[in-house]
Amino acid sequence: MNKILIVLLGPTGVGKTDISIDLAIRFNSEIISADSRQFFIEMRIGTAVPSIDQLTKIKHHFIRFLSVEDYYSASLFERDVIELLPRLFSKKSIVLMTGGSGMYIDAVCNGIDDIPDVDPAARERYITRYREEGISGLREALKILDPEHYTKVDLNNPKRIMRALEICDTAGRPYSSFLIKKKRERDFTIIKIGLERTRSELYYRINSRVDMMVEMGLEEEARNLLNFRNMNALNSVGYREFFEFFDGKISKDKAIELIKRNSRRYAKRQITWWGKDKEIKWFHPDSAPEIIEYIGESVNKAK
RNA sequence: GGGGAGAUACCAAAGUGGCCAACUGGGGCAGACUGUAAAUCUGCUGGCGAAUGCCUUCGUAGGUUCGAAUCCUGCUCUCCCCA
C-alpha cells in the first residue's frame, strides 16, 4: 500500500495544532512538526508549542529538539525528515506533517538543491563588507563572482546577495551553478491541506493568542533568552520585541502591540508563500468532516 | 455667557493661492524569496483603468479668483481658557 504524507499547513494562529491532533488520532498517525521555531527547546510559550496533553496524546517529532545555539536549516530538515519517514512508514501508512514554515515544508515535499556549507569566515567577510561599503559593495562583488545570479537576485536584499557571495567564496564557483531546481521524487504520496480563515477572524485570533502568551509568561521566557539574542533562533516574533523593551527602547505595551502586528505580517507572508501552490486544497479549520472526507478520497486515489 | 484654537484620506499628522489626489508615520493590501526563512526584501494604499488619463475629495453652504485644502462669509461640530 502507498505511503501517504499529509501536510497540514496554514498561517500562524489559524488553528493547525488542534486539528492536527484530531487528524492524527483519526488516521492513527504520528506528527512531524514543520515549524522552524518550535524546534528550539528554550522557546515554548512564544512559539505556541502544542500542550503537554497534546504531546502525550500523539507522538510528535521535531518539537523542541534543538537548543537556540544550534545551527539548523531547511536543508537539514529535509535530510532529517526524509531519514525519519521510512521508520514511521514501517508502522504507519499515513504520517501527518503540520506547520507554518513554507520553506521547510517545500524542502520536504520537493527537495532542495545541494549547496555546500558556508565557511563562517566567508560569511564574516561579507558581513563586514556590507557594514563598510553598504549594499553597493555587495552588488559589485556579486557582479564579478556570479554575473548570472546578479541579474536574477533582488539587488535590494542584502541577505540574498550575501548568501550567494558566501557560497561563491566557499565553493570557488558561482552560487547559481548549484541551483538545479529539480523537483526531487519522493516514494510517498503527498496530500497538502491548507487551513484558512477570513483575515479579520485570523487577526483576531492572532491578537488574542499574543495576549495569552503574555499571560503565560512570555516576558519571562524572553528575559531568560536575552543572552542569546544574537542567535538566529531569537530573531523571531515575540522575542525581539521584548528585547527592545528590556533595552528600554519601547514600553512593554508597545512591545506587545508590535508582537501582534509582526505576527499578523508574518501570517500575511505565509499566505503569500502558499498562494501559488496549486496542490494545496484549502479548508476552514471548522470543517474537520470535509477535511477527513477529502483525505479519504485522496488516499483511495493514491492506492 | 465671554475669549481662543481647530475640523485634511482607515488613523495620526504636514500642507496655508497654481509644482496637490495631497509630505510623512502608523495601520492595511499585494508581491518576491533554494540553508538566518517567525528571516530578508519590494510595490501599492480616494474611485475607474493595463496605461497616457478621466472622475470625485481636505467639516458644510456660499463667495473671491484664470485657478482654493489654502483667502472671505454664514452654518455645524470638537477642544481649551475665563465666567
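Letters A, B, ... are given to chains in the order of the sequence lines, protein chains preceding strands, and every chain is numbered from 1.
Rounded to whole Å, the distance from CZ on R264(A) to P on G26(B) is 13 Å. One can place OH of Y266(A) at 10 Å from P of A37(B), the figure rounded to the nearest angstrom. Taking atom CG of residue L258(A) and atom C1' of nucleotide G28(B), one finds them 16 Å apart after rounding to whole Å. Atom CE of M43(A) and atom C1' of A39(B) are 12 Å apart (whole Å). What separates NZ of K260(A) from C1' of G26(B) is a distance of 16 Å, to the nearest Å. Following rounding to the nearest Å, R139(A) (CZ) and C41(B) (P) show an atom-to-atom distance of 13 Å. Taking atom CG on L66(A) and atom P on A37(B), their separation rounds to 11 Å, with Å as the unit. Protein atom CD1 of I161(A) is 19 Å distant from nucleotide atom P of A37(B), rounded to whole Å.
Contacts between residues 210-245 of chain A and RNA chain B, defined by a heavy-atom separation under 4.0 Å, are made by N232(A), N235(A), S236(A), V237(A), R240(A).
Side chains of E290(A) and Y294(A): a donor-acceptor N/O pair is absent below 3.5 angstrom, by distance only. Under 3.5 Å, the side chains of Y175(A) and E148(A) contain no donor-acceptor pair of N or O atoms. Between the side chains of K183(A) and N110(A), at least one donor N or O sits under 3.5 Å from an acceptor N or O.
The separation of C55(B) from C72(B), taken at their P atoms, amounts to 29 Å, rounded to a whole angstrom. Of the P atoms belonging to U36(B) and C19(B), the separation is 49 Å, rounded to the nearest Å. Comparing U64(B) with A14(B), their P atoms sit 31 Å apart, to the nearest whole Å. Taking atom C1' in both A22(B) and G17(B), the straight-line distance is 15 Å, to the nearest Å. A distance of about 14 Å separates the P atoms of C10(B) and C23(B), rounded to the whole Å. Across G15(B) and A7(B), the matching C1' atoms stand 15 Å from one another, rounded to whole Å. On the C1' atoms, A13(B) is 8 Å away from G25(B), given to the nearest whole Å. On the P atoms, A68(B) is 16 Å away from C20(B), given to the nearest whole Å.
Applying the salt bridge (Lys or Arg N to Asp or Glu O under 4.0 Å) test to every pair with at least one member in residues 24-42 of chain A, sequence neighbours left out, gives these pairs: E30(A)-K91(A). Counting only residues at least two apart or in different chains, salt bridge (Lys or Arg N to Asp or Glu O under 4.0 Å) contacts with residues 155-170 of chain A comprise R123(A)-E166(A), R125(A)-D169(A).
Counting any heavy atom pair closer than 4.0 Å across all strands shown, F40(A) reaches no nucleic acid atom. Residue contacts shown for T47(A) include a base, since a base heavy atom lies under 4.0 Å away. Across all strands shown, T12(A) has no heavy atoms under 4.0 Å from either base or sugar-phosphate atoms. Within the 4.0 angstrom heavy-atom criterion, no nucleotide atom of any strand lies near F77(A).
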| Should E78(A) and S75(A) be marked as a side-chain hydrogen bond (donor to acceptor under 3.5 Å, both in side chains) after you check the CA-CA gap, both sets of side-chain angles, and the distance that decides it? | CA-CA 5 Å; E78(A) 174 192 6; S75(A) 159; 5.1 Å; no
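With a glycosidic angle no further than 90° from 0, G35(B) counts as syn.
A ring-centre distance under 6.0 Å is not found for F40(A) and F65(A).
Annotation: ring pair (Phe, Tyr, Trp, His ring centres under 6.0 Å) contacts of F245(A) (sequence neighbours excluded): none.
In terms of heavy atoms, I193(A) sits closest to I280(A) at C-CG2, 4.1 Å.
Not one side-chain nitrogen or oxygen of Y72(A) sits closer than 4.0 Å to the OP1 or OP2 atom of U36(B).
For the atom pair NE2 (H61(A)) and CD1 (I31(A)), the distance works out to 9.5 Å, reported to the nearest 0.5 Å.
The closest donor-acceptor contact from the side chain of S29(A) to the backbone of L96(A) lies under 3.5 Å.
R223(A) forms a cation-pi arrangement with F246(A), by the criterion of a distance under 6.0 Å to the ring centre and an angle within 45° of the ring axis.
Using cut-offs of 30° and 60° on the angle between ring planes, the pair F188(A) and F89(A) is tilted.
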Atom pairs under 3.5 Å, N or O on each side, protein against nucleotides 31-34 of chain B: can you list them with distances?
unit_1 : atom_1 : unit_2  : atom_2 : d
C33(B) : OP2    : K276(A) : NZ     : 3.3
C33(B) : O2'    : R160(A) : NE     : 3.1
C33(B) : O2'    : R160(A) : NH1    : 3.4
C33(B) : O2'    : R160(A) : NH2    : 2.8
C33(B) : O2     : R160(A) : NH2    : 3.3
U34(B) : OP1    : K181(A) : NZ     : 3.4
U34(B) : O2'    : Y175(A) : OH     : 2.9
U34(B) : O2     : D113(A) : N      : 3.2
U34(B) : N3     : D113(A) : OD2    : 2.6
U34(B) : O4     : D113(A) : OD2    : 2.9
U34(B) : O4     : K181(A) : N      : 3.0

| Using Watson-Crick and G-U wobble pairs whose two distances are both under 3.5 Å, how do you write the pairing of RNA chain B as dot-bracket, with | for links to another strand? | ((((((((.[[[..)..(.....]]]((((((.......))))))(((....)))...[[[[[..)....]]]]]))))))).
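When each of A74(A) and D35(A) is assigned the nucleotide of RNA chain B bearing its nearest heavy atom, the one mapping closer to the 5' terminus is A74(A).
Nearest to the side chain of R123(A), among A38(B), A37(B), U36(B), sits U36(B).
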